[in-house]
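Let me begin by presenting the structure, written as structure tokens, before commenting on it.
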Amino acid sequence: MKDLAFSVLRTLADGRFHSGEAMAQQLGCSRTLVWQAVHHLENEFGLTVFSVRGQGYRLPAPFALLDVTSVRAGLDERAANVFTLALADEIDSSNTQLTTRAAQGAPHGLVLAAERQTAGRGRLGRRWQMRLGAGLTFSLLWRFDRGLSGLAGLSLVVGIAIVRALREFGVPVALKWPNDVLLDGRKLAGILIELSGDALGPAAVVIGIGLNVASPGEVDQPVADLADAGCKVGRNALLAALLNQLAEVLAQFDRDGFAAFRDEWHQLAAFIGQPVRLSFSHGEPVDGSAVGVDDSGALLVDGTAGRRVFHVGEVSLRAAP
């Protein structure tokens with residue numbers, strides 16, 4: 001039913017009325033199946049569908065689905081040469097699927113974007129779910145010649161790319177160590193990086209990004225969306241802008257490592273010079289003042305025991321209570 005539901009959605013995406021009979025003929029199914037597909041859009045996908053006797057069905061407004069041609073039209077030369085785009089209507093997790101493809105030899109630069117994820121997740125296994133069409137979720141595969149030990153600070157560099165792209169649309173965002181993008185102190189986007197390979201190389205990295213466009217995803221902290229900033233950019237244009245910036249920063253990171261981005265990260269970071277609390281999966285929290293990051297992207301915190309260094313792992317940062 002989900003496949004038929006997406007076919008019906010594509011027909012209704014123009015925001016106009018379409019009769020059940022006409023859609024049934026177009027899609028090669030019965031009117032009853034069209035009716036069931038419409039209810040699937042409402043009950044499973046959370047969309048509103050108007051039904052008027054004698055006119056048929058329509059959405060409250062046009063619905064812009066992800067489209068490879070539209071995304072590629074917005075790519076610059078570097079990104080167009082690097083990335084191969086694949087779209088899915090519904091999958092469990094773009095990171096999970098792309099990790100599997102990477103192990104099977106998928107090419108460098110493969111991008112997998114999904115309209116709907118049933119098991120989207122963030123860092124530390126946290127749930128990340130979005131209403132259909134309200135967010136942008138995608139993963140990309142980047143293969144490095146350097147080993148896993150040389151990839152420290154990668155999540156911070158990806159955050160810089162997201163901020164650069166969003167500021168093109170006038171969105172005043174900031175970064176929270178190690179993998180969140182904030183709008184007015186609330187989470188707008190998250191980054192999930194999963195690594196495979198050898199310590200000395202090569203390494204395959206799957207970079208997952210989830211960004212709230214029109215309404216917040218289901219996460220465990222205060223969230224924001226682009227509408228809060230008055231930004232009405234379409235998801236296809238947004239994905240293209242993100243890929244343009246990612247192509248640039250990932251290539252530079254591959255050459256120069258995180259140290260080349262450290263100053264820029266500090267300029268974009270939230271909580272620098274402010275009291276913070278670090279929480280761990282095991283053990284007591286640590287309170288202190290966030291100083292910044294070192295050349296590996298590790299967080300520097302001054303506290304009663306002096307300056308301590310925290311690497312990305314089972315640690316979460318929040319403003320001190």
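Just so you know, residue 1 is the first one in the sequence shown, and it goes up from there. Because only heavy atoms are used, hydrogens play no part in the values below, and waters and symmetry mates are left out as well, while side chains stay in.
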Donor on one side chain, acceptor on other, Asp92 and Thr118, under 3.5 Å: no
Taking only residues at least two apart or on different chains, which pairs with a member in residues 14-40 satisfy salt bridge (charged side-chain N to carboxylate O under 4.0 Å, His left out)? none
Which atom pair, heavy atoms only, marks the closest approach of Ala204 to Leu141? CB-CD1, 4.2 Å
When rounded to the nearest 0.5 Å, the distance separating SG of Cys29 from CG of Leu4 is 5.0 Å
Check whether Trp265 and Val291 end up in the same hydrophobic cluster, where Ile, Leu, Val, Met, Phe, Trp and Tyr are linked by side-chain heavy atoms less than 4.5 Å apart. no
With a 4.5 Å cut-off on side-chain heavy atoms, are Arg318 and Val276 touching? no
Candidate pair Thr137 and Ile209, rule side-chain contact (heavy atoms from CB on, under 4.5 Å), full reasoning: CA-CA 6 Å; Thr137 55; Ile209 294 173; over 6 Å; no
Counting only heavy atoms not in Arg308 (residues, nucleotides, ligands), do more than 12 fall under 6.0 Å from its CZ? no
CA sep, side-chain torsions, deciding dist, call: Asp89, Arg10, salt bridge (charged side-chain N to carboxylate O under 4.0 Å, His left out): CA-CA 11 Å; Asp89 286 338; Arg10 288 186 173 86; 2.5 Å; yes
Is it the case that Arg235 places NZ or CZ above or below the six-membered ring of Phe138, under 6.0 angstrom from the centre and within 45 degrees of the axis? no
Between CD1 on residue Ile272 and CH2 on residue Trp177, distance to nearest 0.5 Å: 11.0 Å
Going by the angle between their ring planes, with limits at 30° and 60°, are Phe280 and Phe310 parallel, tilted or perpendicular? tilted
Cation over ring face, Arg58 and Phe50, 6.0 Å, 45°: no
Salt bridge (charged side-chain N to carboxylate O under 4.0 Å, His left out) partners of residues 67-77, not counting sequence neighbours, each pair once: none
Heavy atoms only: give me the nearest Pro172-Ala229 pair and the separation to one decimal. CD-CB, 4.4 Å
Are Trp35 and Phe6 co-members of a hydrophobic cluster defined by side-chain heavy atoms under 4.5 Å apart? yes
Residues Asp294, Arg262; criterion salt bridge (charged side-chain N to carboxylate O under 4.0 Å, His left out); working and verdict: CA-CA 7 Å; Asp294 63 16; Arg262 182 184 177 190; over 6 Å; no
Between Lys187 and Val181, does a side-chain contact (heavy atoms from CB on, under 4.5 Å) hold up when you go through it step by step? CA-CA 6 Å; Lys187 184 169 182 174; Val181 179; over 6 Å; no
Contact check, side chains of Leu156 and Leu175, non-hydrogen atoms, under 4.5 Å: no
The complete set of side chain to side chain donor-acceptor pair (under 3.5 Å) pairs with one or both residues in residues 151-168, sequence neighbours excluded, reads Arg164-Glu264, Glu168-Gln245
Using the test ring pair (Phe, Tyr, Trp, His ring centres under 6.0 Å), find all partners of Tyr57 that sit at least two apart in sequence or belong to another chain. none
Below 4.5 Å, heavy atoms only, C-beta onward: do Arg78 and Asn244 meet side chain to side chain? no
Ile160 reachable from Leu154 in the ILVMFWY side-chain graph, under 4.5 Å edges: yes
Residues Ser93 and Gln117: closest non-hydrogen pair is CA-OE1, 3.0 Å
So do Leu238 and Leu211 actually touch side chain to side chain, heavy atoms under 4.5 Å? yes
Got Leu243 and Leu85 here, is their nearest side-chain heavy-atom distance under 4.5 Å? yes
Is Asp295 reaching over with its side chain to a backbone N or O of Ala259, donor-acceptor style, under 3.5 angstrom? no
With sequence neighbours left out, which residue pairs that include part of residues 65-116 fulfil the ring pair (Phe, Tyr, Trp, His ring centres under 6.0 Å) condition? His108-Trp142
Do Leu33 and Met1 have side chains that approach each other closer than 4.5 Å (heavy atoms only, starting at C-beta)? yes
Contacts under 3.5 angstrom, residues 40-47 side chains, donor-acceptor by atom type, not counting sequence neighbours:
residue	atom	partner	partner atom	Å
Asn43	ND2	His39	O	3.2

Any donor-acceptor pair under 3.5 Å from Asp302 side chain to Gly273 backbone: no
So how far is it from His311 NE2 to Leu299 CG, rounded to the nearest 0.5 Å? 10.5 Å
What's the verdict on side-chain contact (heavy atoms from CB on, under 4.5 Å) for Ile91 and Arg116, showing C-alpha distance, side-chain angles and the deciding distance? CA-CA 7 Å; Ile91 55 177; Arg116 185 170 187 259; over 6 Å; no
Pairwise distance CG(Leu110) to OG1(Thr84) - rounded to 0.5 angstrom: 6.5 Å
Look up atom OG in Ser279 and atom CG in Leu317, then write down how far apart they are to the nearest 0.5 Å. 8.5 Å
Which residue is it: Leu66, Asn236, Leu226? I am looking for the one with a side-chain contact (heavy atoms from CB on, under 4.5 Å) to Leu136. Leu66
Please round to the nearest 0.5 Å and tell me the distance separating atom CG of Asp263 and atom CD of Gln267. 6.5 Å
Tell me, with the steps shown, if Leu166 and Leu188 meet side-chain contact (heavy atoms from CB on, under 4.5 Å). CA-CA 11 Å; Leu166 291 176; Leu188 175 70; 3.7 Å; yes
Is atom CD of Glu284 surrounded by more than 12 heavy atoms (other residues, nucleotides or ligands) closer than 6.0 Å? no
Locate the shortest heavy-atom distance separating Val8 from Ala37; write the atom from each residue and the value. CG2-CB, 3.8 Å
Is there a donor-acceptor pair under 3.5 Å between the side chain of His18 and the backbone N or O of Gly56? no
Indicate yes or no for a side-chain donor-acceptor contact from Asn179 to the backbone of Ile191 under 3.5 Å, with no hydrogens or angles considered. yes
